[in-house]
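A short worksheet on the structure shown next.
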Amino acid sequence: METTMERPGRLREFWYYFRENRGAVIGLSVFVVFVLVAIFADLLAPHDPTQQYRDHLLRPPAWSEGGDWSFPLGTDPLGRDLLSRLIHGARYSAFVGVVVVTVAASVGILIGLLSGFAPRWGDTIIMRIMDIILAFPSLLLALVLVAILGPSLTNAMIAIAIVQQPHYVRLTRASVINERTRDYVTSARVAGAGIWRLMFKTVLPNCLAPIIVQGALSFSTAILDAAALGFLGMGAQPPTPEWGTMLAEAREFILRAWWVVTFPGIAILITVLAINLMGDGLRDALDPKLKRS
Amino acid sequence: MIKYFLSKLLTFVPTFFGVTLISFAFIRVLPGDPIIVMAGERGLSDERYAELSAEYGFDRPILVQYWDYLTGVLQGDLGESFVTKKPVWDEFFALFPATLELALCAMVFAVVLGLPAGVIAAVNRGKLFDRTLMSTALVGYSMPIFWWALLLIIVFSGNLGWTPVSGRISLLYYFDTLTGFMLIDSLLSGQDGAFMSAVNHLVLPSIVLGTIPLAVIARQTRSAMLEVLSEDYIRTARAKGLAPVEVNGLHALRNALIPVITVIGLSVGTLMGGAILTETIFSWPGIGKWMLDSIFRRDYPVVQGGLLLIAVFVMIVNLTVDVLYGFINPKIRKR
Amino acid sequence: MALLRIRNLSVDFATASGKFRAVDSMDVTVDRGDILAIVGESGSGKSVSMLAMMGLLPWTATITADEMSFDGIDLRSVTAAQRRKIIGRDMAMIFQEPMSSLNPCFTVGFQIRESLRKHMNMSRRERHQRAIELFEQVGIPEPEKRLGVFPHQMSGGMNQRVMIAMAIACRPRLLIADEPTTALDVTIQAQILELLTGLQRDTGMALILITHDMGVVAETAQRVSVQYAGQKVEEQPVRPLFSTPHHPYTAALLAALPERATSKILPSIPGVVPGQFDRPKGCLFSPRCSKADDRCREIEPENQPEELGRAKCHYPLGVNEPEMAQ
């Protein structure tokens, strides 16, 4: 009974602080639009993203000279509608973000909890392994992993998730160790709570705040890394309208057709920026240390 | 202090062995038989297969193989490139100065702009400068740098024609490599305009590579300064009658630097990852481009060796930063 | 002419939920060589008034005063640069928490020499000599060695001695000690108080001692100003204040002293100092005052005349005794 009384209060308090941060609200709105675009891509896109209009190669955006409103943002070197490709690209980016965060967070939290509750030697071994993974520059490690698995969007997601999970492990472990010494955990233990109950029911809910913030952060990093891998030819393969892959295809036209380079980049930047704005707002609203007194 | 240093060194050693283990495992987890993969499409006779197997030691127990690999690594033997047949070690250190030069310039760019920006933003908290700067920093932090590079090329190389698009120096100049750092070598060569050409080639890649560290440093400096500015000793410093410059630039910044140094150290890893993108776009003949090319060419000894050396480099930088951290934090230095 | 004269000082803080008045029409007068104690509970605006005078409040604070002069200089009209020439030299302050009031990144010697470098025309050698001299003066053993030490390597008491040495480095004419002993062990407290009064005697500087501890007041001060919720409620020389307090709040503070306890249970003042949202209409002390009536709750009292300690109360105590003595 008591928890159901308390939950809405906490959520409302969170929303109160979050709403005060204008940047965060803008970020959230853009993110919602991004998610909707990703879901309804088929309905929103004016053309099939892979349909090549051979008579309309490298058409500039509608408002500039030689433009045509049937291709609002112009066409690419193969005559495909840029806007439709961007809209479908949102789907891939959202997919990458969701999968990477889900996989990395669930694996990372589990290992982090184990590490926080493990005896000292177990904790040391887990943390050393995480140190080893973190010693490699993340993009390089992801690249090499994709090289091993073979270049594709799925493998890129797996690689990025592997590279990102140590952050969750460290974060979870740090909060678990911090929380474990608190009185409420001791009392739960004295009351006879088993180790699993202690981990997931007692401690984990109180460690969630930093993990949620990390989730937002790694969502945007995942989108960036997937686009980087696509750009390097190690992510989604053409003709997939993934934003990074689109940039890679457009590279040779940078001095001839600015739009094929500019728009996919803007799409990445705005999406990542919106998520980071949201993440900053989440952090400020969830971190009691920064709350104004 | 010595105890602190030793404890840091003590975590370095197992991590080093872990890193060698991962890079050792790399070739062995490739799908399929590594020798067949190496041979590529041409195929192999059974004899040649056995020969190669013996040459690379794949026919021996896995632990023996790791031991051989480890002793090789410790002696600087990382095998030979399939493509050039040159030792990986030599190739790495021939290209490494180019990456180091680029990374150092990017870091200088990021620190020189990021530190003062963060300090000024914190001191003017909530005012227009602070808000503008922090929004800009967040944009920089969210930047897909490969796209940022293309944009800069469109504007500065394409439209304005100010900067070259690729390479480290104009083909007009030729001189012997002494230090491997183009800025220094071009000065030493004494050729007119060589140094300026090297600078011109370095500007855009440095900006591109330094953008994310710049944003991170500015944000971190600001938040560290904000924390420090509310401390009691800042009030003491002001009660002494010190000017704002002395209070903010000496008393506050000295304390705020402690966490910022750690962040600067951590961005070296990011920088090495970013170097792959930057070097590829600007045809910069450094480690990043070399690694990517080798991945595409399936030159596995190079990928394996490069992965190891880059990781060890990042670890050494982090160790140095830890030591530096101990030095600038009196609470650790004088325990 | 008084060394420090403040008339009708008010300090407001702009907070997210509106204006908050931390100091309300305060008067302070300190003569040369005076020891004034400002007494009150936490949150009564004792430190804020002094910080306002030194210009150390954040920008959210609005300061108004009819007069605020130090040694003939009008502190309301000086520029920031001119003020910085005064504070730290002629007017110095020490704070409550010695451990956090010293910069952890610099040696204590550096922090003392910094004051000297800022305000005194001294050579490097002279500054070093003066720093040693100061350490001896505040009773830090082995001054040569201690100068090169960081704050975290010393105890709280030693750090407070460093703070005092730093404050008196330029021979100030006014030293403000903001709860200088609160964060220290009881045995160290007495030593630090002795050190402060000794220094005051030797140098002839004026001392303002901000404290919530009536016991400290009795031992050190000449005059006492009692503050409540940002207002001065009474001011008297120390002896008459202890014998015949005129404001019920002063009386209650005195009654709470252990050595004055008449019963086994130490009397305490019920309730807390009113905050931003529960400021009463009439007398600010009325909700906690045992003698308050409707007049107290409705009308804000005026200050009583000088002979009644300017008590801000409708029904001042001890009115009859002086008459009876006459």
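These numbers come from a predicted model, not from an experiment. Chain letters run A, B, ... following the sequence lines, proteins first and then strands; every chain starts at 1.
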*Is it true that atom CZ of B/Phe129 has more than 12 heavy atoms of other residues, nucleotides or ligands lying nearer than 6.0 Å?*
yes
*Do other residues, nucleotides or ligands put more than 12 heavy atoms under 6.0 Å from C/Lys118 NZ?*
yes
For a quick check under 3.5 Å, do [X] and [Y] share a side-chain donor-acceptor pair by atom type?
| X | Y | answer |
| --- | --- | --- |
| B/Trp284 | B/Thr278 | no |
| B/Glu231 | B/His251 | no |
| C/Ser100 | C/Glu97 | no |

*Only pairs at least two apart or in different chains count here, so list each salt bridge (Lys or Arg N to Asp or Glu O under 4.0 Å) that has a residue in residues 9-20 of chain C.*
C/Asp12-C/Arg21
Which bit of [X] comes within less than 4.5 Å of chain B, counting heavy atoms only: side chain, backbone, both or neither?
| X | result |
| --- | --- |
| C/Leu51 | side chain |
| C/Leu56 | both |
| C/Leu116 | neither |

Under 4.5 Å heavy-atom distance to chain C, tell me which part of [X] shows up: side chain, backbone, both or neither.
| X | result |
| --- | --- |
| B/Leu250 | both |
| B/Ile258 | side chain |
| B/Ala237 | neither |

_If we ignore hydrogens and angles and just use 3.5 Å, is the side chain of B/Asp185 paired with the main-chain N or O of B/Thr179 as donor and acceptor?_
yes
*Is a side-chain N or O of C/Asp34 found less than 3.5 angstrom from the main chain of C/Leu36, in a donor-acceptor match?*
no
_Matching residue for C/Phe70 among C/Met91, C/Arg5, C/Met53, C/Met54 - test: side-chain contact (heavy atoms from CB on, under 4.5 Å)_ = C/Met91
*Determine the option with the most heavy-atom pairs under 4.5 angstrom with chain B, choosing from C/Met93, C/Arg89, C/His119, C/Met99.*
C/His119
_I need the single residue from B/Phe92, B/Phe16, B/Phe96 that forms a ring-ring contact (aromatic ring centres under 6.0 Å, His included) with B/Phe313. Which is it?_
B/Phe96
*So, C/Lys46 and C/Glu179, do they make that salt bridge, N to O below 4.0 Å?*
yes
*Neighbourhood of chain B inside residues 120-131 of chain C, taking heavy atoms under 4.5 Å as contact*: none
*Considering heavy atoms only, which positions within residues 71-78 of chain C lie below 4.5 Å of chain B?*
none
Considering only distance and modelled atom types, tabulate donor-acceptor pairs under 3.5 Å from the side chains of residues 156-172 of chain C, sequence neighbours left out.
from, atom 1, to, atom 2, distance (Å)
C/Asn159, ND2, C/Pro151, O, 3.1
C/Asn159, ND2, C/Ser155, O, 3.4
C/Gln160, NE2, C/Phe95, O, 3.0
C/Gln160, NE2, C/Pro180, O, 2.8
C/Arg161, NH1, C/Val138, O, 2.8
C/Arg161, NH2, C/Gln191, OE1, 2.9

_Is the shortest side-chain heavy-atom distance between C/Arg146 and C/Val108 below 4.5 Å?_
no
